[in-house]
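What follows is a structure written as structure tokens; I'll ask about it next.
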Amino acid sequence: MLVQGLLYREIETAMTAWLLPLAAALVVGAIVFWWLWPGPLARLFLLLERRHGRLRRHRVQAAGIDWHVLEGGHGEPLILLHGFNGDGYHFTRIARFLDGHFRIIAPDLPGFGQTRFEGELDFRIEQQAERLLALLDEMGIHNFYLGGSSMGGYLACALARRVPERVRAQWLLAPGGLQTTPLSPLFQVVFEGGHNALVVRNRKEFGQLMDYCFIRPPWIPLPLARVLADRAGRHAVRAQRIFDSIRFESTPLEELADGLDVPTLIVWGQVDQVLHPDGLDILAERLADNQTLLLPETGHLPMLERPREVAEAWLAFASRAARQSRRTLPAE
């Protein structure tokens, strides 16, 4: 028994001597990955985000652009367009409530996300619509439902104005491009000569933009937030150029929407600090056929703050629009 006890103590001592350095190495490794080398963890979190939304990623070559596209679900195509400094991942959390009804297609718009191109592009909203149309043609998509958030909503309306016969219904989530709304808190700062929070130059400014966008922010893992902030910072000069092209050189949304006869659901957060919620009524007065939804205690990105509620509103609206369509669309 004495020999056996001594053997156990030797084994325990050896295991302790081996496990403690291993545990310390794992802790140090976790710190390095979490704080100093966030890229691999960020890619893991994006993979998990896609899986949660039941989406897959692929690339499409169209109009001289290497498009990064998230896609999933089944049914008629629903094209979802993200906002300024966003990407297709803005729709992963709402996709799981929609994929049983639609084939979801969420591209990264040129200038953002993982879509790649060479040289310079014209970022006026009408030219962006032409590039998006080329992508849809390349993918063989003729008739489709269309949704967009912020800048993406502005682009959606420009595309619907360009090819209204192809759009079954559209879904505008706090769209940009209105020139006659009161200034939001973010744009009040810009008007007074302060920094435009939409143009992110560093990690601190990324956090400030999140504060503008959300009342109840969704959890974003720190490594992913750092990678997104660093990516935005690398392209800050281009982002400013895109912003200027959209705001000062593009046709205002009021003009694009005026009399547009495409069934439209307009959704806005009541406490949106990026685009003033009065835009909801201003836009509704311009569109020929629309329904509105103003969400209390909600910020600029309702599909991230209230994904289930926003998805259910869209599903109900799209179903009614399909039943009550006043237009005859050509066959696919």
Side-chain angles (χ1 to χ4, degrees), residues 35-43 45-46 49 64-68 70 81-91 106-128 131-132 148-155 174-177 179 183-214 217-218 220-250 272-275 299-301 304:
W35 289 98
L36 303 178
W37 192 25
L41 281 177
R43 289 191 289 273
F45 287 127
L46 289 176
E49 191 75 13
I65 295 170
D66 180 20
W67 295 81
H68 178 266
L70 298 183
L81 308 175
H82 64 79
F84 198 89
N85 252 334
D87 57 25
Y89 286 91
H90 275 201
F91 296 101
D108 291 355
L109 298 173
F112 303 102
Q114 299 178 61
T115 286
R116 300 189 291 254
F117 60 92
E118 294 183 0
E120 299 293 332
L121 294 178
D122 186 339
F123 286 104
R124 287 176 294 173
I125 206 70
E126 297 91 335
Q127 278 60 46
Q128 291 197 52
R131 289 195 292 268
L132 184 59
S149 165
S150 195
M151 176 191 74
Y154 189 9
L155 175 56
Q179 300 291 328
L183 293 174
S184 67
L186 185 151
F187 276 94
Q188 184 66 45
V189 172
V190 176
F191 179 76
E192 294 172 356
H195 174 63
N196 181 358
L198 291 170
V199 179
V200 174
R201 299 172 296 190
N202 51 54
R203 294 176 180 179
K204 180 181 178 181
E205 291 181 356
F206 181 83
Q208 292 169 345
L209 179 58
M210 294 301 99
D211 291 339
Y212 273 115
C213 285
F214 298 106
I220 302 177
L222 182 60
L224 179 56
R226 289 184 168 212
V227 166
L228 295 177
D230 292 346
R231 184 177 71 187
R234 288 193 300 271
H235 300 295
V237 173
R238 183 173 69 189
Q240 184 64 60
R241 184 166 64 85
I242 296 172
F243 179 86
D244 291 341
S245 292
I246 292 171
R247 183 161 176 79
F248 302 115
E249 300 171 8
S250 300
D272 191 336
Q273 298 185 79
V274 178
L275 295 173
H300 183 57
L301 300 171
L304 284 168

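What's counted below: heavy atoms across the whole structure, side chains too, no hydrogens, waters or symmetry copies.
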Taken to the nearest 0.5 Å, the spacing of Asn196 CG from Arg201 CZ works out to 9.5 Å

Scanning both residues in full, the closest heavy-atom pair of Ser150 with Gly83 reads CB-CA, 4.1 Å

**OP:** Check whether any side-chain N or O of Asp108 sits under 3.5 Å from a backbone N or O of Asp87 as a donor-acceptor pair, and report yes or no.
**Re:** no

Nearest heavy-atom approach of Pro221 to Phe45 is CB-CE1, 3.4 Å

Heavy-atom closest pair (Asp272 atom, Ala174 atom, distance to 0.1 Å) is OD2-CB, 3.6 Å

Side chain to side chain contact (heavy atoms under 4.5 Å, CB included) test vs Leu155 passes for just one of His82, Glu126, Gln128, namely Gln128

Any donor-acceptor pair under 3.5 Å linking the side-chain atoms of His195 with those of Gln208? no

dist Leu301:CG -> Tyr212:OH (nearest 0.5 Å) comes out at 15.0 Å

Within-4.5 Å side-chain heavy-atom neighbours: Leu46 and Leu224: yes

**Message:** Can you tell me if Phe248 has over 12 outside heavy atoms packed within less than 6.0 Å of its CZ?
**Reply:** yes

Which class fits the ring pair Phe187 and Phe243: parallel under 30°, tilted 30 to 60°, perpendicular over 60°? parallel

Heavy-atom nearest pair, Ala42 first then Pro223, reads CB-O, 4.0 Å

Residue set satisfying ring-ring contact (aromatic ring centres under 6.0 Å, His included) with Tyr89, at least two apart, ordered chain then number -> none

In short, Pro110 meets Leu121 closest at the heavy-atom pair CB-CD1, 3.8 Å

In this structure, CG of Leu304 is separated from SG of Cys213 (nearest 0.5 Å) by 9.0 Å

Here the pair of heavy atoms bringing Ala236 nearest to Val199 is O-CG1, 3.4 Å

Worksheet item: Is the backbone of Phe112 close enough, under 3.5 Å, to the side chain of Arg231 for a donor and an acceptor to pair up by distance?
Response: no

Separation between CZ (Arg131) and CG (Asp122), nearest 0.5 Å, reads 6.5 Å

### Message
Within the supplied structure, the quantity of interest is the number of heavy atoms (other residues, nucleotides, ligands) at a distance under 6.0 Å from Glu118 CD; does it exceed 12?
### Response
no

Rounding to 0.5 Å, atoms CG (Leu198) and CG (Leu186) come to a distance of 5.0 Å

> Do any N or O atoms from the side chain of Ser250 and from the backbone of Arg124 form a donor-acceptor pair under 3.5 angstrom?
Replying inline: no

Taken in chain and number order and not counting sequence neighbours, the residues that satisfy salt bridge (Lys or Arg N to Asp or Glu O under 4.0 Å) with Arg116 are Asp66

CZ of Arg247 to CD1 of Ile125, rounded to nearest 0.5 Å, is 13.0 Å

